[in-house]
Amino acid sequence: MSLGKNLRGFRKQRGMKLKELAEQLKVSYSYLSAVERDVKKPSIAMVKKLSHILNISPTYLFEAEKVYGEKIRFIRRGRSLSIEELSDLSGISADKIEAFEEGTEEPDLDTLERLAETLNVTIRYFLEKNADSVSIGERVRREREKLGLTGVALADKANISPAMVSQIENDQSEPSLDTLESIAQALGVSVCYFLLEQEDVENLISSLNSDLLSLLGDPRVQAVLRAIRDLEAGDLKFILNYIQFFKRNKPLLNGTLNGNRNMEKI
């Protein structure tokens, strides 16, 4: 779904007329209408204003279904619920929940409130933006340095001036959405990464079940977390794939392990 369609959807969910939102933004009705029809792209400052007035994270304007789907799946699994169990508890059909999680359908505000109540989280978990400010410049610099690029090299790849890169990284200038998209493409990341607000640790912790919360205090678990924090993306992906393999084949692997232990006793 496009930025304009996402904006229109959130505006309607808030029960706001186009004219009312335009007045709060201090822009013309025709300009906001053009943004909703994807005829014009808003500035980054305008995206921030929109997110503030609509009380959502800026990223939701770019990929609302994906964000919803990932969060619903994450909290459901954290509660150790199947889709069918969540359906029984919430009164929302299993097909609907599956569509939400896959991003093929977008839940309305009433449905999100029902899911939030069922999963014992606030609606804020799904909708509300975090209080932390967005630092676009710092993230541009971080991704550039990860790739070993100089500011001049990034400017060349993004087809912008080195001075513009410097101004953005030092938070002296706010890029247009077009410029940010060019930078994101040059760095191989999503433009949403630069607009993503700092992760809300409270919401993350609230999504974990009691057994997992207890495990976080285990020194062995903390040792694992310390061990993986400096891994490269490829190494971590290998470990995550192995965990998935272990989960799928746990009975077989446990049987083999127990068999080996019995042989050792003999």
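Side chains of Thr111 and Lys96 form no contact here, defined as non-hydrogen atoms less than 4.5 Å apart. Side-chain contact between Val27 and Lys49 is absent, with no heavy-atom pair separated by less than 4.5 Å. Leu3 places a side-chain heavy atom less than 4.5 Å from the side chain of Pro42.
Look at Lys146 and Glu143 and you find a salt bridge, because one of the NZ, NE, NH1 or NH2 atoms lies within 4.0 Å of a carboxylate O, short of that distance.
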Show your reasoning for whether side chain to side chain contact (heavy atoms under 4.5 Å, CB included) applies to Met16 and Leu54.
-> CA-CA 9 Å; Met16 296 180 72; Leu54 296 173; 4.0 Å; yes

Stepwise side chain to side chain contact (heavy atoms under 4.5 Å, CB included) check, Thr118 with Leu81 = CA-CA 11 Å; Thr118 303; Leu81 294 172; 5.6 Å; no

Given side chain to side chain contact (heavy atoms under 4.5 Å, CB included), test Leu119 with Leu86 step by step and report yes or no.
-> CA-CA 8 Å; Leu119 294 167; Leu86 178 55; 3.8 Å; yes

Would you sort out whether Leu50 and Leu21 count as a side chain to side chain contact (heavy atoms under 4.5 Å, CB included), showing the intermediate values?
-> CA-CA 9 Å; Leu50 285 165; Leu21 180 56; 4.1 Å; yes

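Contacts classified as salt bridge (Lys or Arg N to Asp or Glu O under 4.0 Å) and involving residues 32-44 (residues at least two apart or in different chains) are given here: Arg8-Glu36, Arg11-Glu36, Lys41-Asp178, Lys41-Glu181. The list of salt bridge (Lys or Arg N to Asp or Glu O under 4.0 Å) pairs with a residue in residues 85-94, not counting sequence neighbours, is empty.
Other residues, nucleotides and ligands contribute over 12 non-hydrogen atoms within 6.0 Å of the CD atom of Glu20.
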Report all side-chain donor-acceptor pairs from residues 152-164 shorter than 3.5 Å, counting only partners two or more places apart or in another chain.
{"unit_1": "Lys157", "atom_1": "NZ", "unit_2": "Ala186", "atom_2": "O", "d": "3.1"}
{"unit_1": "Ser161", "atom_1": "OG", "unit_2": "Met164", "atom_2": "N", "d": "3.1"}

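The NZ atom of Lys12 lies 11.0 Å from the CG atom of Leu7; values are rounded to the nearest 0.5 Å. Here the CD-CZ distance, from Glu145 to Arg141, works out to 6.5 Å after rounding to the nearest 0.5 Å. A distance of 6.0 Å separates CG of Leu147 from CG of Leu187, quoted to the nearest 0.5 Å. Taking CD from Glu117 and CZ from Arg114, the interatomic distance works out to 9.5 Å, rounded to the nearest 0.5 Å.
Of the possible donor and acceptor atoms, none in the side chain of Ser33 sits under 3.5 Å from a partner among the backbone N and O of Tyr29. With Ser87 contributing its side chain and Ile92 its backbone, the two residues share a donor-acceptor pair below 3.5 Å.
Residues passing the side chain to side chain donor-acceptor pair (under 3.5 Å) test with Arg144, sequence neighbours excluded: Glu169. Partners of Ser30 under the side chain to side chain donor-acceptor pair (under 3.5 Å) rule, at least two apart in sequence or in another chain, are Ser28. Looking at residues two or more places apart in sequence or on another chain, you find no side chain to side chain donor-acceptor pair (under 3.5 Å) involving Gln24.
Residues Leu180 and Pro175 come closest through the heavy atom pair CD1-CG, 3.9 Å. Across Phe100 and Glu105, no two heavy atoms sit closer than the pair CD2-O, 3.4 Å. Scanning all heavy atoms of the two residues, the minimum distance from Ile97 to Ser90 falls at CD1-OG, 4.2 Å.
In the hydrophobic clustering of ILVMFWY residues, with side-chain heavy atoms under 4.5 Å counting as a link, Val39 and Met46 come out apart.
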